[in-house]
Amino acid sequence: MGRVAIQGVTKRFGDVTAVDHLTLEVADQEFLVLLGPSGCGKSTALRMIAGLDEPTEGVIEIGARVVNDVEAKDRDVAMVFQSYALYPHMSVRRNIEFPLRSRRVDRDERQQLVEEAAGMLGLDTLLDRKPAQLSGGQRQRVALARAIVRRPQVFLMDEPLSNLDAKLRVQTRAELVELHRRVTTTVIYVTHDQVEAMTMGDRIAILNDGLLQQVGPPQDVYERPTNLFVARFIGNPPMNTVTGKVVRADGDRHAVAVPGGEIAVKPEIGKALDRLALAEVVAGIRPEHLELGADGPIEATVSVVESLGHERHVFCRLTDGQPVIVRQQAAEAAPAEQTPARLTFDDANLHLFDPTTERRVEA
Amino acid sequence: MTPTTTPPTTAPVAEVPARRRRFSRRVREASLGYALVLPSLLVFGTFIFYPFFKNFYLGLYRNPPFPNLPRKWVGFEQYSDILTSSDFYNSVKVTVLFALYTVPIGIALGLFLAVLAHQRLRGIAIYRTIFSSSIATSVAVASVIFGTLMNPRVGLLPWLGLDPQPPILQNPTWALVAVSVTTVWQNLGLSFILMSSGLQSIPDDLLEAAEVDGAGPWSRFRSVTLPLLSPTIFFAVVVGTIFAFQSFGQIDLLTEGGPLDRTNVLTYAIFTELRERNDPGAAAVLAIALFGITLLLTVIQMRVLERRVFYAR
Ligand SMILES: Nc1ncnc2c1ncn2[C@@H]1O[C@H](COP(=O)(O)OP(=O)(O)O)[C@@H](O)[C@H]1O
Ligand SMILES: [Mg+2]
């Protein structure tokens with residue numbers, strides 16, 4: 001059983017709190033992505049699971065056992081480092097074999113397991129080379145082979161794709177997902193790249209400043225971010241956010257007044273705004289949910305149009321100069337730059353956040 | 001530029017000046033090169049090549065037993081006499097033993113302390129300072145310290161109530177060991193610093209990877225640290241051996257080659273021939289022999305040991 005349970009785990013380095021009361025349960029055979037900006041504590045969290053750093057507070061369980069006092073070498077986890085950390089003086093074969101030798105697996109079994117792992121990652125012809133004689137992508141595969149070779153309970157990966165070029169990264173991303181299906185081990189995967197998180201994870205856990213922000217399947221996190229940080233972090237280009245005044249009409253017919261127009265709010269959301277007694281609210285809408293039209297509720301000016309071939313990013317300004325991005329499909333009609341436009345969107349895609357707590361406002 | 005369209009007679013005519021130009025440029029580049037190495041060639045020539053050949057030449061003359069008599073050309077006779085003598089054989093043996101006592105232990109001890117001091121612990125910097133402090137002492141200081149410690153009258157021994165007979169430095173069995181201990185202590189600071197810097201250059205994540213891969217502390221040391229430290233260790237062995245073969249001060253200050261020539265290393269034998277017996281010829285032969293042995297050993301080390309060294313690039 002490769003379940004991992006992290007309960008109230010904190011790690012402090014002097015005055016710096018790298019991980020702050022993290023509680024997270026990773027199910028057996030799940031692919032969980034730990035996502036967050038650089039310095040948010042992802043690596044520290046992973047290193048505590050591996051046993052390389054000791055938690056200041058809290059309990060870590062792997063399988064059914066509390067591992068706080070278990071040394072890294074006895075935790076039955078494997079780790080892929082950002083730098084790959086291949087042993088430079090050993091051949092690829094010896095690198096992959098190392099975890100087996102450490103566990104005194106006998107010679108025949110060792111050879112068989114190494115060949116299996118090498119075969120899975122297409123390293124058969126490279127077994128006698130030294131790491132220095134490999135390309136970045138090949139080194140990355142050796143690191144993966146070394147991790148899967150002994151079938152650990154948990155697979156830990158710290159930004160394993162970040163040293164690859166963009167094209168190889170996309171390819172390896174898919175291969176990793178495939179590999180996970182074949183070896184069916186729990187994976188905890190650290191990245192700062194939200195595209196990796198969205199495409200690879202069964203669930204995403206988003207960290208900021210050592211604090212867990214939200215955990216959930218990628219689609220849920222994308223559709224219902226719990227706070228402004230998650231809303232802005234997930235999605236590319238990022239969600240547009242504008243602060244507006246809550247306008248209370250009779251009954252539940254509330255609206256949010258933003259520069260250049262008013263956004264009508266559904267009655268149940270209006271109730272929530274009343275309950276929270278908010279005078280102001282942050283309205284968020286993703287670029288792909290905004291449309292340019294002749295009769296939208298919000299007035300804006302198109303400033304720059306960027307074409308990416310398959311899609312277009314239209315940079316607009318609201319009447320007070322705030323920037324807003326609209327994402328269009330290539331098939332739609334391109335607007336002219338420096339012309340007025342009106343912005344429209346479907347109610348269902350509007351996100352509202354409390355400006356002080358930054359939490360999502362929900363019915 | 002196709003050969004069929006070019007008339008064969010015009011080709012050599014056009015090529016001659018080009019070739020000449022290329023030749024003169026090569027000459028100019030070469031003379032600039034020689035001009036640039038000339039200063040260092042002069043320094044080497046004056047202080048290394050000239051003394052070396054002069055030394056070799058001095059060995060071809062036998063010096064008279066009394067000063068003021070003329071020296072006598074004997075060719076290689078003096079070389080063969082000295083190099084087959086039992087005194088020479090003894091000096092070589094003592095020198096090799098001295099190197100064997102000091103170099104491996106010095107490196108092992110330096111490495112051991114470096115590994116201890118490499119931990120990330122509060123206050124470890126104090127230990128680093130202590131361990132490297134002997135680098136600030138000279139051979140003379142080290143010799144005085146250990147000479148005092150082993151002195152039968154004033155040192156540590158009377159305080160402990162010990163009075164070994166004969167005194168350690170006059171004991172044929174222990175004198176060389178005593179000199180070696182002094183030398184190991186004096187070189188320990190350097191050895192520690194060298195090994196520490198070697199350890200610093202090993203990336204932490206390699207050792208962490210080995211830990212996650214299930215290796216215990218000893219296995220991590222043997223499979224990761226030691227191979228990656230091998231260039232440093234190799235350097236220390238080669239340089240340490242050369243240093244050991246050149247050691248003189250501690251012998252002169254502690255034992256003066258005695259007792260019974262048991263610490264009469266080659267450098268000290270050279271010194272004795274030159275200063276006490278006034279025999280530059282014999283001293284020159286020994287000096288050439290020391291040079292030859294050191295060179296030979298270094299070449300052997302390069303050939304044999306270096307095969308087991310891992311260089312990252
Ligand atoms: N060994 C350490 N000593 C002191 N501070 C550290 C140490 N390791 C990490 N930190 C700090 O903890 C925070 C989180 O670091 P890290 O987990 O590496 O972030 P991430 O992997 O998300 O980029 C950072 O502010 C970092 O400076
Ligand atoms: Mg990191």
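Lettering of chains follows the sequences in order, A, B, ..., and the numbering in each one begins at 1. Quantities reported herein were computed from a predicted structural model and do not represent experimental measurements.
More than 12 non-hydrogen atoms from other residues, nucleotides or ligands lie less than 6.0 angstrom from CG of D106(A). Around CH2 of W174(B), the count of heavy atoms belonging to other residues, nucleotides or ligands within 6.0 Å does not exceed 12. Within a 6.0 Å sphere centred on CD of Q246(B), other residues, nucleotides and ligands contribute more than 12 heavy atoms. For OH of Y89(B), the number of neighbouring non-hydrogen atoms (other residues, nucleotides, ligands) closer than 6.0 Å is 12 at most. Within 6.0 Å of CZ on F235(B) lie no more than 12 heavy atoms contributed by other residues, nucleotides or ligands. The neighbour count for F13(A) CZ, taken as heavy atoms of other residues, nucleotides or ligands under 6.0 Å away, is above 12. No more than 12 heavy-atom neighbours from other residues, nucleotides or ligands sit within 6.0 angstrom of CD on E54(A). Other residues, nucleotides and ligands contribute more than 12 heavy atoms inside 6.0 Å of the CZ atom of F221(B).
Counting heavy-atom pairs closer than 4.5 Å to chain B, the top-ranked of the candidates P152(A), S83(A), A85(A) is A85(A). If you tally non-hydrogen atom pairs under 4.5 Å between each of L86(A), D74(A), L100(A), D76(A) and chain B, the highest count goes to L86(A). Put simply, of A72(A), P99(A), A50(A), the one with the most heavy-atom pairs under 4.5 Å next to chain B is P99(A). Counting heavy-atom pairs under 4.5 Å between each of M90(A), R47(A), R101(A) and chain B puts R47(A) at the top.
Taking 4.5 Å as the limit, every side-chain heavy atom of S219(B) sits out of range of all side-chain heavy atoms of K73(A).
Heavy-atom distances place both the backbone and the side chain of Y87(A) under 4.5 Å from chain B. At a 4.5 Å heavy-atom cutoff, the contact between R103(A) and chain B is made by side-chain atoms alone. Proximity to chain A is absent for every atom of S230(B), based on heavy atoms less than 4.5 angstrom apart.
Of the possible polar contacts, none joining the H89(A) side chain to the V309(B) backbone as a donor-acceptor pair under 3.5 Å is found.
Residues from residues 203-213 of chain B that place a non-hydrogen atom less than 4.5 Å from a non-hydrogen atom of chain A comprise D205(B), L206(B), E208(B), A209(B), A210(B), E211(B), V212(B), D213(B), given in numerical order.
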